[in-house]
Amino acid sequence: MADALFVEYPKCSTCKKAKAWLDAQGAPYTDRDIVTDNPTADELRTWHQRSGLPLKRFFNTSGMLYREMELSKKLTTMTEDEMYGLLATNGMLVKRPLLVTAETVIPGFKEEAWGAAMADN
């Protein structure tokens, strides 16, 4: 099993829960703080394509910054390149935790999906 990349905000309770789950599974992973090492636009583009999900799923729609910037109104008129650029400006805009494996990328923690992804890794 190859190391997965675990992108987290260390103070986030869901990230802590996901990390504890990975540790309990004995899953090999590399930890990355989304605030001090925010994903680049190119990384986000690659991850989005690997995920097969709509790009909007990579936004932290429940975050204060998302609401302050009124992104729910703005995303509908933005191009994908503009969205990648925006996500790359601040890790707090990115849905977390992110599990990045060779096969897939999953934004947010869902135990069943993560289990399947780690089994395939």
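Since this is a predicted model, take the numbers as computed values, not measurements.
Following chains of ILVMFWY side-chain contacts shorter than 4.5 Å, one can reach Tyr84 starting from Tyr66, so the two form part of one hydrophobic cluster. Hydrophobic clustering, with ILVMFWY side chains joined whenever heavy atoms are under 4.5 angstrom apart, groups Val94 together with Leu86. Put simply, Leu55 and Val100 are part of the same group of oily side chains (I, L, V, M, F, W, Y) that touch within less than 4.5 Å, one to the next. Grouping the Ile, Leu, Val, Met, Phe, Trp and Tyr side chains by contacts below 4.5 angstrom, directly or via other members, places Trp47 with Leu93. Leu99 is not connected to Leu53 by any chain of hydrophobic side-chain contacts under 4.5 Å among Ile, Leu, Val, Met, Phe, Trp and Tyr, and they are in different clusters.
Under the 3.5 Å distance criterion, the side-chain polar atoms of Asp37 are left unmatched by any main-chain donor or acceptor of Val7. Using a distance-only test at 3.5 Å, with no hydrogens or angles considered, a donor-acceptor pair links the side chain of Arg50 to the main chain of Thr101.
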Exercise for review: Take Glu80 and His48 through the test side-chain contact (heavy atoms from CB on, under 4.5 Å) and record every step on the way to the result.
Suggested key: CA-CA 10 Å; Glu80 282 195 350; His48 167 235; 3.7 Å; yes

Check your understanding: Yes or no on side-chain contact (heavy atoms from CB on, under 4.5 Å) for Thr77 and Glu82, after CA distance, side-chain angles and deciding distance?
Key -> CA-CA 10 Å; Thr77 60; Glu82 289 171 331; over 6 Å; no

Check your understanding: Step by step, would you call Met83 with Phe59 a side-chain contact (heavy atoms from CB on, under 4.5 Å)?
Key -> CA-CA 9 Å; Met83 287 189 237; Phe59 280 87; 4.0 Å; yes

Practice item. Assess whether side-chain contact (heavy atoms from CB on, under 4.5 Å) is satisfied between Asn60 and Met92, documenting all intermediate values. Key: CA-CA 7 Å; Asn60 178 15; Met92 298 309 276; 5.6 Å; no

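At a threshold of 4.5 Å between non-hydrogen side-chain atoms, the residues Thr61 and Lys56 count as touching. Side-chain contact check for Leu87 versus Pro39: every heavy-atom pair is 4.5 Å or farther apart. Side chains of Leu44 and Thr40 form no contact here, defined as non-hydrogen atoms less than 4.5 Å apart.
Annotation: the span from Asp33 atom CG to Arg96 atom CZ amounts to 10.0 Å, rounded to 0.5 Å.
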List the atom pairs, donor and acceptor, that lie under 3.5 Å between side-chain atoms in residues 103-114 and the rest of the protein, sequence neighbours left out.
unit_1: Trp114; atom_1: NE1; unit_2: Gly108; atom_2: O; d: 2.9

Pairs of donor and acceptor atoms involving the side chains of residues 69-76, under 3.5 Å and at least two apart or interchain, shall be tabulated with distances.
unit_1: Lys74; atom_1: NZ; unit_2: Met69; atom_2: O; d: 2.9
unit_1: Thr76; atom_1: OG1; unit_2: Lys73; atom_2: O; d: 3.3

Side chains of residues 11-27: which donor-acceptor pairs under 3.5 Å do they make with residues two or more places apart or in other chains?
unit_1: Lys19; atom_1: NZ; unit_2: Glu8; atom_2: OE2; d: 3.2
unit_1: Lys19; atom_1: NZ; unit_2: Asp31; atom_2: OD2; d: 2.5
unit_1: Asp23; atom_1: OD1; unit_2: Tyr29; atom_2: OH; d: 2.7

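Between Met118 and Pro28, the shortest heavy-atom contact is CE-O, 4.0 Å. Glu43 and Asn38 make their closest contact through OE1-O, 4.4 Å (heavy atoms, listed as atom of the first residue, atom of the second, distance).
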